[in-house]
J.: 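Below is one structure. I have some questions about it.
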Amino acid sequence: MSGLTSPAEPGVVVMPAADAYDFEYFRARLDAGLLSRSIAVRVFRMPLLAVPVGGARRGGWFGADGLAAALAVRDVLAPLNGFPGARVTWRCAPRSSYAVEWGDRPPATWLDDNERLAFYGLTRPAPCSEPEAEPEPEPEPGHHDRARASSPAVFICSSAAPYRRGPR
């Protein structure tokens, strides 16, 4: 058929793991040794982390919007150590799309969130414990501290007010 062209294959670029948009998410939840073996995979403009299997991590996945992107990601991951059995699948969650999976196949349903986290070798992040801030001194009476935000304003909306276009 003349005049028809195949869609351009997306460019997939392998980058250092720390360049991935979701690097901090995984750093808070993943074993440091496994994180050091991870790579960032950029499809189109956004690099995301691809984490290999190993240790407690039994499988992984990388979402792709289209089939061409999924095939390109699979072709990049398949020869790398830590991405055994790289395959293209269809996922219904978190949204319907193609994905590249590797390692063990995940169960069709999870008993709970802990089972899902364990399969992917993830832990819950430690709660943030910020040191308590010392109380700020009150400004002298009659003086306003410009560095401190003023009290929140109260806004009142009324559907009874007429809507008028133009300046008021």
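Along the sequence shown, residues are numbered consecutively beginning with 1. Keep in mind that what you see is a predicted model, and the values were worked out from it rather than measured.
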J.: Decide whether Val13 and Val41 are clustered together by the hydrophobic rule: side chain heavy atoms of Ile, Leu, Val, Met, Phe, Trp, Tyr closer than 4.5 Å, transitively.
T.: no
J.: Starting at CG of Asp104, measure out to CZ of Arg58 and round the result to the nearest 0.5 Å.
T.: 5.0 Å
J.: Over all heavy atoms of both residues, which pair between Thr123 and Ala28 is shortest? Give the atoms and the distance, please.
T.: OG1-O, 4.4 Å
J.: For Asn81 and Arg37, which I'm curious about, is there any donor-acceptor pair between the side chains at under 3.5 Å?
T.: no
J.: Would Arg42 and Asp19 pass as an ion pair if we require N to O under 4.0 Å?
T.: no
J.: Answer yes or no: does atom CE of Met15 have more than 12 heavy-atom neighbours from other residues, nucleotides or ligands under 6.0 Å?
T.: yes
J.: Can the positive tip of Arg87 be found less than 6.0 Å from the middle of the six-membered ring of Trp102, inside 45° of the ring normal?
T.: no
J.: Is there a side-chain contact between Ser38 and Phe26 in this structure, where contact means two heavy atoms from C-beta onward sitting under 4.5 Å apart?
T.: no
J.: What heavy-atom pair brings Tyr98 and Gly66 nearest, and what distance separates the two atoms?
T.: CD1-C, 3.7 Å
J.: Answer with yes or no whether the hydrophobic clustering places Leu49 together with Val14; edges join I, L, V, M, F, W, Y residues whose side-chain heavy atoms lie under 4.5 Å apart.
T.: no
J.: Closest approach of Val53 and Pro84, non-hydrogen atoms and distance?
T.: CG2-CD, 3.6 Å
J.: What's the spacing between Arg74 CZ and Leu67 CG if we round to 0.5 Å?
T.: 9.0 Å
J.: Between atom OH of Tyr21 and atom CZ of Arg45, what is the distance when rounded to the nearest 0.5 Å?
T.: 9.5 Å
J.: At their closest point, which heavy atom of Gly59 faces which heavy atom of Tyr120, and how far apart are they?
T.: O-CD2, 3.0 Å
J.: With the side chain counted from C-beta on, respond yes when Leu30 and Tyr25 share a heavy-atom pair under 4.5 Å apart, and no when they do not.
T.: no
J.: Closest heavy-atom contact between Ala70 and Val100?
T.: O-CG2, 3.2 Å
J.: When rounded to the nearest 0.5 angstrom, what is the spacing between CG in Asp22 and CE in Met46?
T.: 8.0 Å
J.: Restricting to non-hydrogen atoms, name the atom on Pro16 and the atom on Ala40 that form the minimum distance, rounded to 0.1 Å.
T.: O-CB, 3.3 Å
J.: Are Arg27 and Pro125 close enough that some pair of their side-chain heavy atoms sits under 4.5 Å apart?
T.: no
J.: Out of curiosity, Leu34 CG to Arg57 CZ, how far, rounded to the nearest 0.5 Å?
T.: 6.5 Å
J.: Check the hydrophobic clustering (I, L, V, M, F, W, Y; side-chain heavy atoms under 4.5 Å; chains of links allowed) and say if Val43 and Val76 are grouped together.
T.: yes
J.: Do the side chains of Val12 and Leu48 join up, straight or via other hydrophobic residues, at under 4.5 Å, putting them in one cluster?
T.: yes
J.: If hydrophobic clusters are built by linking Ile, Leu, Val, Met, Phe, Trp and Tyr wherever their side-chain heavy atoms come under 4.5 Å apart, do Phe119 and Leu111 end up in the same one?
T.: no
